[in-house]
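For reference, the structure discussed in these notes is given below.
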Amino acid sequence: MARCFLILENGTIAEGTGFGFEKTIFGEVVFNTGMSGYQESLTDPSYKGQILVMSHPLIGDYGINPRYSESDSVQVAGYAVREACKDPSKMYGGKSLDEYLKENKVPGISEIDTRSIILDIRSSGVLKGAITFDDDPEKLLDEVCKMPAYASKNWVEEVSTKKVVRYENKGAKKLAVIDCGVKNSILSELKKRFEVIMVPYNVDKSFFRNEDIDGVFLSNGPGDPAHPAIQESTIQTVKAIKEDYPIMGICYGTQLLARAFGGTTYKMKFGHRGSNQPIKHNGKVYITSQNHGYAVDKESLEGTGFVADHINVNDGTVEGITHKELPVFAVQYHPEAAAGPHDTMFLFDEFKKKLEESR
Ligand SMILES: NC(=O)CC[C@H](N)C(=O)O
């Protein structure tokens, strides 16, 4: 295994053991505290452009199961772990993290103190970073500091479907899914309940005039929901249809919906990424999976018609919004889990009921 370095804009240069595909990459460095679900995170399009650091020390021990992939490839820019299991269980065939990341042309670094790096991120906020196998990491420090801000790129463009894709479901209500990088597990929950028409993130509002749609779903996705390209496309379309259908959003979808109704979003210090985040909704506490670095600004919901009725118990962040009059709601967390607890899976059935009641 080759020497490898994780370089952070705060000057940290962590030397470790490289695995996966040997190349230099740059990205926004974020962390996930999940003990399982490494394959779901690696393949979640919401991580596009990010270097993912895991706080759990041993990653890869149960191998790779194609069923767990959230998209057709590894989406993270790079991966940083304490220990990349070299001899995984054979229960899913025994593919190692090293082989998997090599196949996907993504670099990884192991044998570094991931927890001290995470403490740095928790105190300073998310950082720009790079992973390199070059022997002179110092020379990259300047480039890391000068790399464009993560928020400056429209990452959704890289992960959204380029064409309309239809999934039949005879007799079921028709749901338009605006694909900002939808996870496979979310799509599978929707396909169980609806006839799904998946459309690109920049679908024009005229699409809805020509299709007999019963409801709309706004998906998870990477990047800043305030990006100008998103403002000028997805959010304009959502604005045009926001009072015409039952709408559900997950994660990025919550941010799009809030912004379409006049609310605002902000970048969090280091976000919530893991599968043990407690939220309170209607007097009950649910444990949820989360992967978000932006959030809806609660005060900005004033006058939008939304109430923030899902709240993070740890820090008071808005974790879900429900419209007081319209059949429209969205949650910042991931009710489909993948990986994590299924406490809030019922929301998909609540949404199905809204479509059945509304037309
Ligand atoms: N998983 C998501 O949809 C993430 C939404 C958004 N990119 C954020 O980081 O907050």
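Atoms within a ligand are numbered from 1 in the order they appear, just like the ligands themselves.
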Could you say whether the N/O atoms of [X] and ligand 1 ever approach to under 3.5 Å?
{"X": "Arg273", "answer": "no"}
{"X": "Gln255", "answer": "yes"}
{"X": "Tyr252", "answer": "yes"}
{"X": "Gly223", "answer": "yes"}

Which of the numbered atoms in ligand 1 are below 4.0 angstrom from a heavy atom of [X]?
{"X": "Gly293", "value": "8 (C), 9 (O), 10 (O)"}
{"X": "Tyr294", "value": "8 (C), 9 (O), 10 (O)"}
{"X": "Asn291", "value": "1 (N), 2 (C), 4 (C)"}
{"X": "Pro222", "value": "7 (N)"}
{"X": "Ser46", "value": "1 (N), 2 (C), 3 (O)"}

Worksheet item: Between Phe351 and Phe329, how do the two ring planes meet: parallel, tilted or perpendicular, split at 30° and 60°?
Response: perpendicular
Worksheet item: Just wondering, are more than 12 heavy atoms of other shown residues or ligands nearer than 6.0 Å to NZ in Lys191?
Response: yes
Discussion item. For Tyr100, does the six-membered ring have the charged nitrogen or CZ of Lys95 within the cation-pi criterion, i.e. under 6.0 angstrom from the centroid and within 45° of the normal?
Written reply: no
Worksheet item: Relative to Phe261, does Lys242 satisfy both conditions: NZ or CZ under 6.0 angstrom from the six-membered ring centre, and within 45 degrees of the ring's axis?
Response: yes
Practice prompt. Could you find the nearest protein heavy atom to atom 2 (C) of ligand 1 and give me its residue, atom name and distance?
Written response: Cys251 SG, 2.9 Å
Fill in: Closest approach of any protein heavy atom to atom 3 (O) of ligand 1, naming residue and atom
Gly221 N, 2.8 Å
Discussion item. What I want to check is whether the side chains of Glu70 and Asn184 have a donor and an acceptor closer together than 3.5 Å.
Written reply: no
Response to the item:
So the ring pair (Phe, Tyr, Trp, His ring centres under 6.0 Å) pairs with at least one residue in residues 43-67 (sequence neighbours excluded) are Tyr38-Tyr62
Item to complete: Answer yes if Val196 and Leu218 sit in the same cluster of Ile, Leu, Val, Met, Phe, Trp and Tyr residues linked by side chain heavy atoms under 4.5 Å apart, and no otherwise.
Response: no
Worksheet item: Charged N to carboxylate O under 4.0 angstrom, Lys267 versus Glu28?
Response: yes
